[in-house]
2 protein chains.
Amino acid sequence: MQRTLSPVTYSNQEEAVAGIAKALSHPVRVKILKLLAGESCCFTGELTEVIPMAQSTISQHLKALLEAGLIQGEIDPPKVKYCINRENWKIAQALFEGFFSQGHATAGCDC
Amino acid sequence: MQRTLSPVTYSNQEEAVAGIAKALSHPVRVKILKLLAGESCCFTGELTEVIPMAQSTISQHLKALLEAGLIQGEIDPPKVKYCINRENWKIAQALFEGFFSQGHATAGCDC
DNA sequence: TTAGTTCATCGTAAATATACGATCAAGAAA
DNA sequence: TTTCTTGATCGTATATTTACGATGAACTAA
């Protein structure tokens with residue numbers, strides 16, 4: 001994985017899409033987001049009961065979603081409430097909307 | 001990474017979103033898709049000239065995009081033309097549209 | 001204070017992903 | 001035929017991801 005060639009540069013859009021996509025690239029994280037987005041908004045460690053995975057593993061996935069900005073947590077001792085970060089969610093939505101709407105290009109394609 | 005707990009099950013939507021997201025989770029693949037989606041539709045190995053990466057590496061990324069169904073290739077000896085797979089692109093677009101439109105849930109959230 | 005609950009973090013093992021050069025296969029051109 | 005071009009695949013080194021159990025930190029309840 002050592003890069004010997006000149007480094008590739010990416011646009012902000014490319015980095016942003018890839019970043020959000022990476023957060024969504026594991027089914028359990030998609031599932032968590034679905035749970036949080038659903039009626040059971042502001043879930044907490046009940047995730048551990050719904051998803052048969054070690055608590056530490058779920059915490060790790062939550063961290064990934066946090067760092068991607070897709071969720072936010074609020075400490076409510078001794079628990080922690082997680083929920084969708086609506087603002088960033090909208091941004092991500094618009095980002096992907098823009099990205100996918102690119103793909104309906106024009107003529108020129110004879111594949 | 002050994003799973004000792006009972007296996008987690010995922011819905012088709014969860015798997016599908018994660019699968020497409022994984023394909024989009026590397027900026028160079030996003031870049032490639034943008035190039036293919038753009039005016040330079042049906043690009044080929046000119047990718048190697050635009051993106052300073054080893055030819056084998058680019059081929060590897062193309063393979064990932066192929067397997068995700070986002071692009072398709074047509075052999076045009078001695079070259080290969082790649083372009084967006086419009087049908088699957090639409091499907092992916094709808095998939096993410098549906099996924100992201102979930103996140104604007106109702107009340108109940110006091111985060 | 002002591003014990004219990006909740007969740008993050010640490011340490012670690014195994015699996016995947018990423019990048020490269022080298023090689024191989026298919027076909028075009030000589 | 002031989003040679004060249006194009007692009008896939010192989011082999012490999014390193015980095016990252018994923019999963020777990022164990023431990024630690026913060027706070028509540030006895």
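Chain letters run A, B, ... following the sequence lines, proteins first, then strands; residues in each count from 1.
- The side-chain contact (heavy atoms from CB on, under 4.5 Å) test applied to A/A16 returns A/L95, not counting sequence neighbours.
- Judged by distance alone, with hydrogens and angles left aside, the side-chain atoms of A/S59 form no donor-acceptor pair with the main-chain N or O of A/S56 at under 3.5 Å.
- Here C/dA8 presents its P atom at 6 Å from CG of A/L62, a figure rounded to the nearest Å.
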Base-contact (B) and sugar-phosphate-only (S) positions in nucleotides 19-30 of chain D, heavy-atom cut-off under 4.0 Å, - elsewhere: BBBB----S---
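- B/Y82 has its OH atom 15 Å from the P atom of D/dT6, to the nearest Å.
- Contact check, A/K22 against D/dT17: a side-chain N or O comes under 4.0 Å of OP1 or OP2.
- The distance from atom CZ of A/R29 to atom P of D/dT16 is 15 Å, rounded to the nearest whole Å.
- To the nearest angstrom, C1' of C/dA19 lies 17 Å from CG of B/L47.
- In this structure, A/K81 places its NZ atom 16 Å from C1' of C/dC7, rounding to the nearest Å.
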Pair up each side-chain donor or acceptor in residues 60-67 of chain B with any protein partner under 3.5 Å, not counting sequence neighbours, and list the distances.
residue : atom : partner : partner atom : Å
B/H61   : ND1  : B/R29   : NH1          : 3.0

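- Between A/L24 atom CG and A/L33 atom CG the span is 6.5 Å, to the nearest 0.5 Å.
- Rounding to the nearest 0.5 angstrom, the gap separating the CD1 atom in A/I71 from the CD1 atom in A/I84 is 7.5 Å.
- Looking at A/W89, its side chain never comes within 3.5 Å of a backbone N or O of A/L70 through a donor-acceptor pair.
- Regarding B/K79, its NZ atom lies at a distance of 11 Å from the P atom of C/dA29, rounded to whole Å.
- The distance from atom CD of A/E67 to atom P of C/dT9 is 9 Å, rounded to the nearest whole Å.
- One can place NZ of B/K63 at 15 Å from C1' of C/dA19, the figure rounded to the nearest angstrom.
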